[in-house]
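Every number for a ligand or one of its atoms is a count from 1 in the order of the listing.
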Amino acid sequence: MADKINAVKGMNDILPASVPRTDRLPDSALWSWFEQKVRQLLARYGYHYIVTPVVEPTALFVRGLGEVTDIVEKEMYSFTDSMNGDKLTLRPEATAGIVRAMVEHNALYNGPLRLWTMGAMFRHERPQKGRYRQFHQLDVEALGFPGPDVDAELILMVRALWRELGLVEGEHVRLEINSLGQPAERQAHRDALIRHFEAHADVLDADAKRRLHSNPLRILDTKNPAMQAIVEAAPQLMDFLGEESRAHFDAVRSVLDAAGLAYRVNPRLVRGMDYYNLTVFEWVTDQLGSQGTVCGGGRYDGLIGQMGGKPAPAVGFGLGIERLLLLIQELGLPVPSAAPAAYAVVPSAAVLPQVMVVLEQLRAAGVSVLQHAGGGNMKAQFRKADASGARYALIFGDDELARGEVTVKSLRDAGGVQVARSLSEVAAWAATLQSPAPNT
Ligand code: ATP
Ligand code: MG
């Protein structure tokens, strides 16, 4: 046998639940259930679907995310197109590409837009539970809206998604918010921060020293325990916010308060990208170890202008799909099964043409039916029917077919209630397969 070729480290297959695997990655039924919930929910809020390329010019992310960010400094999959020398990058996040597309197509000409996309992102990180090199995001962006109403709408929409999925806010996932103010306010805070950290230069690690003058705000994000005390004592941006920034933040908060959504104002929430201003938020969980952020986002009023577009405000978030589905699995929340409504037992190959016509009619009526394939005796076929999780077995025996009937047998009650159904009136009884037998 030839050597096997395996997937790239940190890049995963999403497989049907029936395929055994040792990692705890979500199965494809959970995955598509989530996608379906997302599609329905976002339509209810009036968000439109968009698809942008997975590969973009490297310059897009360097300009958009900021040079001194984890992503641009060390996580991007960048390469040179060997055909023409172009510098390209596999997208590490979705916002920059969506903004590029909006600017390129002058899409905001007719007014603001609410958009969403879902797809693979790539970051060269150390793979671990909840952190991969290829991962997937739901990404939602509202472009051209100054807020604060839309900021709050996005946050409430995520809460609505939690509820759809069976997650309880405050218990399974918690909301943290902050305001980053405006550039001038950040500048004043930045100067104060630099003075503060310079006064404690002896405690700074190498990373912090490097960032002291390039991006001191990111020092607040450090995970180094030795630096916690000076981070704790650092001047807070909130104290540098002007009246308008405060009013914006208060307006977001009053919507959340009115909607009964509890949150924590976390003054140290700064987010990983440079483009944010005013509102930033994260939904976090305690159940996934250090990979606790399930969803993060905020306002980025400067980015569209920075990308060469006519300046326009914007706000959005990214949600990590693997992390979220891991959480749902970990909590053991009820998720729908991918089991068919019925399993067709076919004792003799000779009757297949007649049977398959009936199965087509059932599926056209909206019933999911798994057809036994590959022969085998009745006992073996019933074992398969049980294992499929189907609610009913359809038995196409020679006697039944001779009478123009099929036997419908319940697989979910001990007695195995059976009824005969007419093959000439499939549409009349198809719907009964969608619900449990009357006595179960
Ligand atoms: P973290 O602090 O965990 O590295 P981040 O701030 O880099 O997260 P964002 O860029 O805000 O993450 O991306 C939004 C969401 O995408 C995150 O909250 C997380 O759920 C998910 N995510 C980010 N990086 C990864 C990854 N490498 N693997 C899986 N999910 C990820
Ligand atoms: Mg990260």
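The one candidate from Arg253, Arg174, Glu176 that meets the side chain to side chain donor-acceptor pair (under 3.5 Å) condition with Tyr263 is Arg253.
For the pair Arg39 and Tyr49, the cation-pi test (distance below 6.0 Å, angle within 45°) is passed. Arg323 forms no cation-pi arrangement with Phe135, by the criterion of a distance under 6.0 Å to the ring centre and an angle within 45° of the ring axis.
Listed by first and then second residue, the side-chain hydrogen bond (donor to acceptor under 3.5 Å, both in side chains) pairs that reach into residues 361-371 are Glu360-Arg363, sequence neighbours excluded.
Here's the thing with Arg123: one of its N/O atoms is less than 3.5 angstrom from an N/O atom of ligand 1. Where the criterion is an N or O separation shorter than 3.5 Å, residue side chain and backbone included, Glu322 fails it with respect to ligand 1. Taking distance alone, with nitrogen or oxygen atoms compared against 3.5 Å, Val294 approaches ligand 1 more closely than that limit.
Of all atoms in ligand 1, numbered sequentially from 1 with element shown, those under 4.0 Å from a heavy atom of Gln137 are 13 (O), 14 (C), 15 (C), 16 (O). The Thr293 neighbourhood of ligand 1 comprises atoms 17 (C), 18 (O), 19 (C), 20 (O), with distances under 4.0 Å to a heavy atom of that residue. For ligand 1, the atoms sitting less than 4.0 Å from at least one non-hydrogen atom of Gly130 are 28 (N), 29 (C), 30 (N), numbered in the order shown with element in parentheses.
Remark: the backbone N or O of Val140 is not paired with any side-chain donor or acceptor of Arg114 at under 3.5 angstrom.
Considering only non-hydrogen atoms, atom 8 (O) of ligand 1 lies nearest to Arg323 out of Lys129, Arg323, Gln291.
Minimum interatomic distance between His248 and Asp151 (heavy atoms only, all atoms of both residues): NE2-OD2, 2.9 Å.
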